[in-house]
Amino acid sequence: MLDTIRSGYFGTGRATTGRKLRLVSWNIERGLQLPAVVTFLKQQAPDICFLQEVDLNARRTGRAALPAVIARELGLNYIYGIEWEELSQRVGPEPAYQGQAILSWGTFSATRVIRFSAQSDHWRSRWYLPNWQIFQARSGGRMALASELTLGQARLAVYNLHLESRGSDQLRNSQLMEVVQDSWRYPDDTTVLVAGDLNTRRSPSPLRTTLLSSGFQDACENGDSRGTKPNGERLDWIFGRGPALFVEARVHRDTTASDHYPLTASLVLPEHTPITGDGR
């Protein structure tokens, strides 16, 4: 049940300008400030949007289906993978969830959840603790949402990650390596994007080193590499591998709709890759 993929189709079929794709990666803090989140995303007009901590049917966000709400507002298609069933957020018979969403005007295929083998036991429910919000009782585990995304004649492999916040870099690196190993199924001429909240705690981060040594580029290598948290920590990243170039990377530290700042970048595809908007 937890690995069931939710999806919706609100794409308007708009086309991009040339071969440049606009990317957004953002931990939206459950969507507690949804109107401000939507306003920012509309301003960015992303071609591909990676969102983490997205609520579905949770008490704290009015039991709304936030992946569908956001996608509809932006006129994009979406896929959604469940990270946790939030036991303290349930109202009535329907479970409450938190997870990751990828939005785009393109078409998703081969979508799957990669539930990491290595998990912290910090979040598991315990019989002696009530299902109160303060204890964050949960069922599930950290995961990546993976898919193949077709935008016109361009086809990309995309991964949306939320690595463990409790535990060591060794644990997070083990989770990250499961994504890297999965990405090796794609040939060298495929553009692969890895984005999300990696919960990196040290600088320089060993997780960044892992990705660079596996052939990935950091979107912020020649752009804005400031912290994505108010305390200066850089937890949020966009990486790419294959025939593509990142430009215009920026951390939007003037946006306060979440406890993370959004990260944006543009992905420039090779000249032989035409892009046209086709919706669904």
Side-chain angles (χ1 to χ4, degrees), residues 3 5-9 11 16 19-28 41 44-54 67 70-71 74 76-83 99-116 142-163 175-176 178-198 211 214-220 236-246 249 262-270 273 275 277-280:
D3 288 346
I5 304 296
R6 272 72 170 172
S7 61
Y9 304 93
T16 64
R19 299 177 311 279
K20 186 184 291 187
L21 300 177
R22 184 69 169 164
L23 311 178
V24 176
S25 183
W26 194 9
N27 180 322
I28 64 170
L41 293 176
Q44 298 303 311
D47 296 292
I48 311 173
C49 186
F50 302 86
L51 301 179
Q52 305 86 46
E53 289 195 14
V54 184
I70 296 171
L74 271 61
L76 298 176
N77 306 322
Y78 80 89
I79 53 173
Y80 178 75
I82 295 168
E83 183 176 33
Q100 282 122 262
I102 305 177
L103 290 71
S104 177
W105 53 263
T107 302
F108 295 99
S109 61
T111 301
R112 59 205 182 274
V113 166
I114 302 172
R115 188 78 57 186
F116 300 131
R142 301 291 185 183
M143 45 76 76
L145 179 62
S147 190
E148 295 168 11
L149 177 59
T150 302
L151 300 103
Q153 297 182 43
R155 191 169 189 181
L156 301 81
V158 293
Y159 295 85
N160 188 355
L161 283 61
H162 192 192
L163 302 186
Q175 295 175 339
L176 180 61
E178 292 192 50
V179 172
V180 171
Q181 290 167 2
D182 189 90
S183 75
W184 288 337
R185 70 176 66 194
Y186 298 106
D188 292 342
D189 60 354
T190 300
T191 298
V192 180
L193 297 179
V194 171
D197 179 358
L198 305 190
L211 286 164
S214 300
F216 286 86
Q217 315 166 49
D218 178 358
C220 293
D236 307 275
W237 304 77
I238 299 174
F239 290 89
R241 192 184 69 210
L245 172 69
F246 289 113
L263 172 62
T264 63
S266 293
L267 177 71
V268 181
L269 296 173
T273 309
I275 300 293
D278 60 359
R280 187 188 180 191

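In what follows, residues are counted from 1 in the order of the sequence shown. Hydrogens, waters and symmetry mates play no part in the numbers below; they use all other heavy atoms, side chains included. Quick caveat: nothing in here was measured; it's all calculated off a predicted structure.
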To the nearest 0.5 Å, what is the distance between SG (Cys49) and OH (Tyr78)? 14.0 Å
For Ser183, all residues meeting side chain to side chain donor-acceptor pair (under 3.5 Å), sequence neighbours excluded: Arg241
Sequence neighbours excluded, which residues qualify as side chain to side chain donor-acceptor pair (under 3.5 Å) partners of Glu178? none
Out of Val24, Ile70, Ile79, which residue meets the side chain to side chain contact (heavy atoms under 4.5 Å, CB included) rule with Leu103? Ile70
Quick check for you: to the nearest 0.5 Å, what is the distance between Leu263 atom CG and Asn27 atom CG? 12.0 Å
To the closest 0.5 Å, what do you measure between CG (Leu269) and CZ (Arg155)? 14.5 Å
Here the gap from Leu198 atom CG to Leu161 atom CG, rounded to the nearest 0.5 Å, amounts to 6.0 Å
Could you check whether any side-chain N or O of Gln100 sits under 3.5 Å from a backbone N or O of Asn160, counting only pairs where one atom can act as donor and the other as acceptor? yes
Checking Ser147 side chain against Ala110 main chain: does a donor-acceptor pair fall under 3.5 Å? no
Contacts of Tyr80 that satisfy ring-ring contact (aromatic ring centres under 6.0 Å, His included) - sequence neighbours left out: none
Between Asn77 (side chain only) and Gly11 (backbone N and O only), is there a donor and an acceptor less than 3.5 Å apart? yes
Checking Asp236 side chain against Pro262 main chain: does a donor-acceptor pair fall under 3.5 Å? no
Quick one: does any side-chain atom of Glu83 pair with a main-chain N or O of Gln52 as donor and acceptor, under 3.5 Å? no
Once you round to the nearest 0.5 Å, how far does CG of Leu145 lie from NE2 of His162? 13.5 Å
